[in-house]
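Start at 1 and go down the list; that is how both ligands and their atoms are numbered. Computed over heavy atoms, backbone and side chain alike; hydrogens, waters and symmetry mates excluded.
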Amino acid sequence: MTDLISIEHLVKHFRLARGQYVHAVDDVSLNIGEKEIVGLVGESGSGKSTLGKTLLGLHDKTSGSVRLRGELLPEKYTAADFQRYAPVMQMIFQDPYSSLNPRMTVGEIVGEGLKLHSAKSNRDIRDEVAQWLTRVGLEADHMSRYPHEFSGGQRQRIGIARALILQPEFVVCDEPISALDVSVQAQVVNLLDELKDSLGLTLLFIAHDLSMVRYVSDRMAVMYLGSLVEVGSADQVFFDPQHPYTRILVGSNPEPDPRQERQRQSTTIQGEIPSPVNIPDGCRFANRCPQVMDICHHNTPELLPLKDITAGAEPRKVACHLYA
Ligand code: SF4
């Protein structure tokens, strides 16, 4: 599979007062193949959204690189760079309430990208907006209404139509279901699943809910305190997690079936996640890890392929001294 996105040693730090830095993304390397869906999971504050936004140029990079089909993307985007790359790379935002301008009609919101990035006439834009509203499960005459007239699930469909109308190749879905009722989460996931197949999309799907991520993703990447700790096929990571953090994350994922949920032996992570301003030496998970060893406090584990990979199995990488 050819890589569409290649991320190498990407770092994003935010400067605070008195010379301190928030280490939001630290030395992340990850490739995303054409038409591949990579799920990115981890607790709140692990840097998932910052990584997604940095990939699209919404944050300047501190260091490292991102390539789109081999082409090096700018370290800091100018208006001309956004004009160039917006039709190719788009984002579906987490909050369908705040991400839609309440003063614009649905037609203006969904058609805005075509207005900015194409030479299409107003009439053609209206026709395309109508087609896209229907495609995401809304109605063409919804284009004259305003966002407040819609439910959360419908607003997220509007956000999806807005992101996809330019027919981008790569889309970052930043927790697209976490602000929605459980009852509509599956509908939005099914819609994204159908659209990625019919449009041949490449997605980075950021979410908390591991079972949802496993459902839509080919591979899964687990992020903790700005770094990747495990990467593998979605089934490997979900059913056979290797990193102690991934194991706890999978164990704390609620079962959708209430009967199975009652029988499940849930696990919770002990201790507090360290501050991203004061990153500890060694393994970042050491203060919460049930298998911590002395070396873990001094040496930072690298994300390396597991040595005992079964022949023919998907390559899997883990950052943990247990596998050194
Ligand atoms: Fe736990 Fe050590 Fe592995 Fe970190 S490196 S996850 S502390 S065993």
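In this structure, His297 and Val292 have side chains that are in contact, with non-hydrogen atoms separated by less than 4.5 Å.
In this pair, His243 and Tyr245 present their aromatic rings perpendicular. The plane angle is above 60°, beyond the 30 to 60° band. Ring-plane geometry between Phe150 and His142 is classed as perpendicular, the angle between the planes exceeding 60 degrees on a 0 to 90 degree scale with a lower cut at 30.
A salt bridge is defined here as a Lys NZ or Arg NE, NH1 or NH2 lying under 4.0 Å from an Asp or Glu carboxylate O, and Arg67 with Glu8 fails to meet this definition. In this structure, Glu112 does not pair ionically with Arg162, as no charged nitrogen and carboxylate oxygen lie closer than 4.0 Å.
Taking Tyr77 as the reference, Phe82, Tyr85 meet the ring-ring contact (aromatic ring centres under 6.0 Å, His included) condition, with sequence neighbours excluded.
Neighbouring protein atoms of atom 4 (Fe) of ligand 1 (N, O or S, distance under 2.8 Å, waters ignored): Cys283 SG.
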